[in-house]
> 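Please read through the structure below; I'll follow up with questions.
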Amino acid sequence: MVFMCGRYSHQLTWSEIHELAGMAFPVPEKDPKSNFNVAPTHFCPVVLTDGKDTWGETAYWGFVPHWWKKSLNDKKFNTINAKAEEIHKKATYRDAVQQHRCLVPATCFYEWRKSDRQPFAIGIGDGHDGFKPFLMAGIWSRWSGNYKDSQSEDTFDACTFTILTREAGDRMAEIHTREPAVLTDDEIASWMYKPLNEVISQVLEPTPSQLLYFRPVAKAVGNVRNNSPDLMQPESTLF
């Protein structure tokens, strides 16, 4: 399977996430900490629904299905992304996608160009060589267990999530064959609350190329230990 969207950036407060989602919901008292190099296993702010209630919390990036009985370390299959066109068929996701959907706030995502491994920060352009925050479609599951083994005292109990991906649009395809399922304003509520068969066609539509802004950035973003606003700064005009 071809994975993408393995890194992204977010700097939003809960109030800003409320505004971006266009809905009110309970959230933690403390705002999420900015993360300029979000990587799998990080805890990130998300907006969750269970089909009845909607709320915000921080969740673990790397979906763990509710039926997983082994330790977290024993989970060898990659669940940071899920192909939107396959989620209704995959045993890992087909239960959760019916009602356990989520919104993943981001400022940009990072991807490496196939031809030369040049990293890019990619997102919705603000018209001034910058990014407008956006929401990506995801699904979630609450999982409790052990990090290492059944004898370990290091336990895990949290919501986990994956980001949906789809086939890339024309311009994005110059970087990668897939893109995250970025939602337009009128798709946000639909993704959260409508039956899957009514909304999946929208989720599969690529983001229009004219809305995307591509910024070449330094290779330092490839090291997850690097985490500062400098990672989002342009390296040069390569694209």
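Remember, it's a predicted structure, so these values are computed and weren't measured experimentally.
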> Kindly say whether Phe77 contributes a backbone atom to a donor-acceptor pair with the side chain of Lys75 at under 3.5 angstrom?
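Checked: pair present.
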> With rounding to the nearest 0.5 Å, note down the distance linking CD in Gln233 to OG in Ser228.
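Reported value, rounded in 0.5 Å steps: 8.5 Å.
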> Run the numbers on Met136 and Tyr8 for side-chain contact (heavy atoms from CB on, under 4.5 Å), then give the verdict.
CA-CA 11 Å; Met136 300 179 285; Tyr8 69 94; 4.2 Å; yes
> Same hydrophobic cluster for Leu103 and Val182, using side-chain heavy-atom links shorter than 4.5 Å among ILVMFWY?
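Unlinked, Leu103 and Val182 end up in two clusters.
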> Checking the side chain of Asn78 only, and the main-chain atoms of Ile80 only, is there a donor and an acceptor separated by less than 3.5 Å?
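Confirmed, Asn78 side chain pairs with Ile80 backbone.
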> With heavy-atom distances below 4.5 Å as the criterion, would you say the side chains of Met172 and Pro206 are in contact?
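Side-chain contact under 4.5 Å: no.
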> So Tyr193 and Gln99, do their side chains get closer than 4.5 Å, heavy atoms only?
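No, their side chains stay 4.5 Å or more apart.
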> Is there a donor-acceptor pair closer than 3.5 Å between any side-chain N or O of Asn37 and the backbone N or O of Asn223?
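Yes; at least one donor-acceptor contact below 3.5 Å.
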> Show your working on ring-ring contact (aromatic ring centres under 6.0 Å, His included) between Phe120 and Tyr110 and close with a plain yes or no.
CA-CA 6 Å; Phe120 286 82; Tyr110 300 107; over 10 Å; no
> Would Arg215 and Glu111 count as a salt bridge (charged side-chain N to carboxylate O under 4.0 Å, His left out) here? Give the steps.
CA-CA 10 Å; Arg215 177 188 289 170; Glu111 194 52 62; over 6 Å; no
> Can you list the steps and then say if Asn226 with Phe36 is a side-chain contact (heavy atoms from CB on, under 4.5 Å)?
CA-CA 8 Å; Asn226 296 325; Phe36 300 93; over 6 Å; no
> Using 30° and 60° as the class limits, which term best fits the ring planes of Tyr147 and Phe156: parallel, tilted or perpendicular?
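Aromatic pair Tyr147/Phe156 classed perpendicular.
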> Which heavy atom of Pro105 sits nearest a heavy atom of Pro45, and at what distance?
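Here Pro105 and Pro45 meet closest at CD-O, 3.0 Å.
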> Would you check if the side chain of Trp61 reaches a backbone N or O of Thr160 as a donor-acceptor pair within less than 3.5 Å?
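A pair under 3.5 Å: no.
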> Closer than 3.5 angstrom, by distance alone: can the side chain of Glu179 be matched with the main-chain N or O of Thr207 as a donor-acceptor pair?
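Here the side-chain-to-backbone pair exists.
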> Can you check whether Val46 reaches Thr58 side chain to side chain, under 4.5 Å on heavy atoms?
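They are not in side-chain contact.
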> Ser141 and Pro65: which non-hydrogen atoms are nearest, and at how many Å?
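Between these two residues, the closest heavy atoms are OG-C, 3.9 Å.
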> Does Thr79 reach the main-chain N or O of Phe63 with its side chain, forming a donor-acceptor pair under 3.5 Å?
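A pair under 3.5 Å: yes.
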> Do Asn73 and Ser71 have a side chain donor and acceptor closer than 3.5 Å?
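No donor-acceptor contact under 3.5 Å links the two side chains.
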> Report yes or no: is the cationic atom of Arg101 (NZ for Lys, CZ for Arg) closer than 6.0 Å to the six-membered ring centre of Trp140, at no more than 45° off its axis?
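No cation-pi geometry.
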> Would the distance check show the side chain of Glu16 and the main-chain N or O of Thr13 forming a donor-acceptor pair, the cut-off being under 3.5 Å?
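Between the backbone of Thr13 and the side chain of Glu16 there is a qualifying donor-acceptor contact (under 3.5 Å).
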> Would you indicate whether the side-chain heavy atoms of Glu187 and Val199 approach each other to under 4.5 Å?
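The answer is no; the side chains never approach within 4.5 Å.
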> Using only heavy-atom distances, determine whether the side chains of Asp50 and His100 contain a donor-acceptor pair under 3.5 Å.
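Not at all, the side chains of Asp50 and His100 share no donor-acceptor pair under 3.5 Å.
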> Could you check whether any side-chain heavy atom of His88 comes within less than 4.5 Å of a side-chain heavy atom of Tyr93, counting everything from C-beta outward?
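In short, these two side chains do not touch, never coming nearer than 4.5 Å.
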> Distance from Ile139 atom CD1 to Gln98 atom CD, nearest 0.5 Å?
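So the CD1 of Ile139 and the CD of Gln98 are separated by 9.5 Å.
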> Where the side chain of Thr49 meets the backbone of Asp53, is there a donor-acceptor pair that is under 3.5 Å apart?
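Indeed, once roles are kept as given, a pair shorter than 3.5 Å links the two residues.
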> Just by modelled atom types, is the Arg178 backbone N or O under 3.5 Å from a matching donor or acceptor in the His176 side chain?
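Judged by distance alone, yes, a pair lies under 3.5 Å.
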> Testing the basics here: between Val217 and Gln118, what is the closest heavy-atom pair and its distance to 0.1 Å?
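Smallest interatomic distance, heavy atoms only, reads O-NE2, 2.9 Å.
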> Within the structure provided, determine whether Ile175 and Lys114 are in side-chain contact (heavy-atom separation under 4.5 Å).
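Ile175 vs Lys114: side chains apart.
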> Distance alone, cut at 3.5 Å: any donor-acceptor contact between the side chains of Asn146 and Asp154?
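Asp154 and Asn146 do not have a side-chain donor-acceptor pair below 3.5 Å.
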> Taking only distance into account, with no hydrogens and no angle test, what donor-acceptor pairs under 3.5 Å do side-chain atoms of residues 18-34 form with protein atoms, sequence neighbours excluded?
unit_1, atom_1, unit_2, atom_2, d
His18, ND1, Trp14, O, 3.3
His18, NE2, Phe25, O, 2.7
Asp31, OD1, Trp14, N, 2.9

> Considering non-hydrogen atoms only, spot the tightest contact between Met232 and Thr107 and give its length.
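What the structure gives for the nearest pair is CE-CG2, 3.8 Å.
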> Locate the shortest heavy-atom distance separating Ala39 from Val224; write the atom from each residue and the value.
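Where Ala39 meets Val224 most closely, the heavy atoms are CB-CG2, 3.3 Å.
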> Main chain of Val221, side chain of Arg7: is a donor-acceptor contact present, judged purely on distance under 3.5 Å?
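Yes; judged by distance alone, with no hydrogens or angles, the pair exists.
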> Please list, one pair per line, the donor and acceptor atoms closer than 3.5 Å that link side chains of residues 126-134 to other protein atoms, with sequence neighbours excluded.
unit_1, atom_1, unit_2, atom_2, d
Asp126, OD1, His128, N, 2.7
Asp126, OD1, Gly130, N, 2.9

> Just wondering, are more than 12 heavy atoms of other shown residues or ligands nearer than 6.0 Å to CG in Asp170?
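Atom CG in Asp170 is not packed in, count stays at 12 or less.
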